[in-house]
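I have placed the structure first, in the form of structure tokens, so that the comments after it can refer back to it.
In listed order, ligands and their atoms are each counted from 1. All heavy atoms count here, side chains included; hydrogens, waters and symmetry mates do not.
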Amino acid sequence: MRYISTRGGIAPVRFKDAVMMGLADDGGLLLPESIPAFSAEELESWRTLTYPQLAFNVISRFVDDIPAADLQALIERSYATFNHPEVTPVVQKDGVYILELFHGVTLAFKDVALQFLGNLFEYILHERNERLTIVGATSGDTGSAAIHGVRGKAGISIFILHPHGKTSPVQAQQMTSVLDENVHNIAADGTFDDCQDIVKELMGDLAFKQKYSLGAVNSINWARVLAQVVYYIYAWLRVAEKGQKVLFSVPTGNFGDIFAGYMAQKMGLPIEKLLLATNENNILTRFINQGDYSVGSVVQTLSPSMDIQVASNFERYLYYLFNQDGGRVSAAFTQLKTEGKISFSNEELQQVRQDFCSASVGREETLATIGRFKRETGYLLDPHTAVGVRAAQQLETGTTPVVCLATAHPAKFGDAVVEATGEPVPVPPAIAQLEGLPTRCVRMAADSEQVRNFIIATVG
Ligand SMILES: *Cc1c(COP(=O)(O)O)cnc(C)c1O
């Protein structure tokens, strides 16, 4: 399997090189040259597989430069860190299925991809006798999951920028309490988008990128999307009969998670629709419902991991929407830069509405949903998950099974949950043990030069 760029400007690379490249050298994102498909029969044959077995079956389709036994061992090691035997179990509550993606070390769905990516990096670096400097931006969950994915791993240094004061206290603690020497937290005075722009700028400086072997862990890394494809299939196998279509509701920020669902559908998974749920940062909802893709400014909400305006993985979808025309993708991003928006044809917008539907859920509705769900089912939703659940409840879905992706454990965003239910949230051990731990973090202006100098001074 070879990987190409959404902007059409690189020679095809193999999987391991795609993982190490992160952002493509032409500024685009990497995608497989073709999408491997599975048949309905093959899907049926996967019903009894464990999560790691299924992950191997799916991921190995996209990887032909790692021996099968090694890949299998990597996958098994990655999911052994989860605290649930099913890794991503599905529960049924109040007529919807909840796909619990929060049983990893940092209690958010990003562990599913980042435990795998951490092990993958270590494997490739060891094989090549190379070093890697990971630079990433986070609105909270990516950073902690990435740090926990690579802490203490040989050959890797990690620099994670988060917007100072704009992550939840638990998220900040999960990141800054990791004292391993290879972990460097940067609290920047700015928004998540500022942090992401800095990372993009550093990654876009090819000389710097090569000299310091920069790599990415945010969802622009193809391996993350790939790992996330697996749980759509896993959930489908739990809730659907042969050939039955399912609707997935996906609380969306950077578009990585929902893009994995789009890939699963392209591979042959019977998906009725992907419901893209947003909070007040609803550029993608405006785009899907009104065709308006114009960038606003970031609003702080109850679901901070979705407080994003420019969703980087959206570019991967545009590549398919534009019939795999890298030139058109490049032109669209040039327009975005100069005019602050992207224009679409009516035909393209029709296609978008075939692929997705969307709803935006605000603060009051999010709180009301958490409260009502708790009263009616006894089950606690975190505010991100509640956005997806509320969006799904607004749809006429008939007999189609609805699967809502539960992207974080409610205790991770306890303040919102307490506000919604009026009751304390039971604190799981993974959070309780953070209390009072020493922390390490550098505060900085949201300025790429300062960040660059800090990396140079630290890595040497
Ligand atoms: C990252 C995150 C999201 C958004 O996922 P994207 O892949 O960025 O769209 C939603 N919920 C939680 C809890 C997250 O951490």
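- For ligand 1, the atoms lying closer than 4.0 Å to a non-hydrogen atom of Pro251 are 4 (C), 10 (C).
- Inspection of the Thr106 and Gln174 side chains reveals no N or O donor paired with an N or O acceptor under 3.5 Å.
- Judged purely by distance below 3.5 Å, without hydrogens or angles, the side chains of Asn313 and Asn254 never pair a donor atom with an acceptor atom.
- Listed by number with element, the atoms of ligand 1 under 4.0 angstrom from any heavy atom of Met306 are 10 (C).
- The closest side-chain donor-acceptor pair between Ser78 and Asn119 falls under 3.5 angstrom.
- The side-chain heavy atoms of Val442 and His184, taken from C-beta on, include no pair separated by under 4.5 Å.
- For atom 13 (C) of ligand 1, the closest non-hydrogen atom on the protein side is Asp141 OD2, 3.1 Å.
- Taking every heavy atom of Ala408 and a limit of under 4.0 angstrom, the matching atoms of ligand 1 come to 13 (C).
- Between Asp141 and Lys412 there is a salt bridge, with a side-chain nitrogen of the basic residue lying less than 4.0 Å from a carboxylate oxygen of the acidic one.
- For ligand 1 and Phe255, the ligand atoms under 4.0 Å from any heavy atom of the residue are 6 (P), 8 (O), 9 (O).
- Under the 30°/60° scheme for interplanar angles, the aromatic rings of Phe314 and Tyr293 are found to lie parallel.
- Shortest contact from atom 12 (C) of ligand 1 to any protein heavy atom: Thr407 OG1, 3.4 Å.
- Closest protein heavy atom to atom 2 (C) of ligand 1: Lys110 NZ, 2.4 Å.
- The shortest contact between atom 8 (O) of ligand 1 and any protein heavy atom is with Asn254 N, 2.7 Å.
- Counting protein heavy atoms only, atom 7 (O) of ligand 1 is closest to Asp257 N, 2.8 Å.
- No more than 12 heavy-atom neighbours from other residues, nucleotides or ligands sit within 6.0 angstrom of NZ on Lys341.
- Under 4.0 angstrom from ligand 1, the non-hydrogen atoms of Phe109 all belong to its side chain.
- Within the cation-pi definition used here (under 6.0 Å to the ring centroid, within 45° of the axis), Lys266 qualifies as a partner of Tyr320.
- Looking from atom 9 (O) of ligand 1 to the surrounding protein, the closest heavy atom is Gly253 N, 2.8 Å.
- The atoms of ligand 1 that sit less than 4.0 Å from any heavy atom of Gly256 are 6 (P), 7 (O), 9 (O).
- Judged purely by distance below 3.5 Å, without hydrogens or angles, the side chains of Ser294 and Asp292 pair a donor atom with an acceptor atom.
- In summary, the atoms of ligand 1 found under 4.0 Å from a heavy atom of Thr252, numbered by their order in the structure, are 9 (O).
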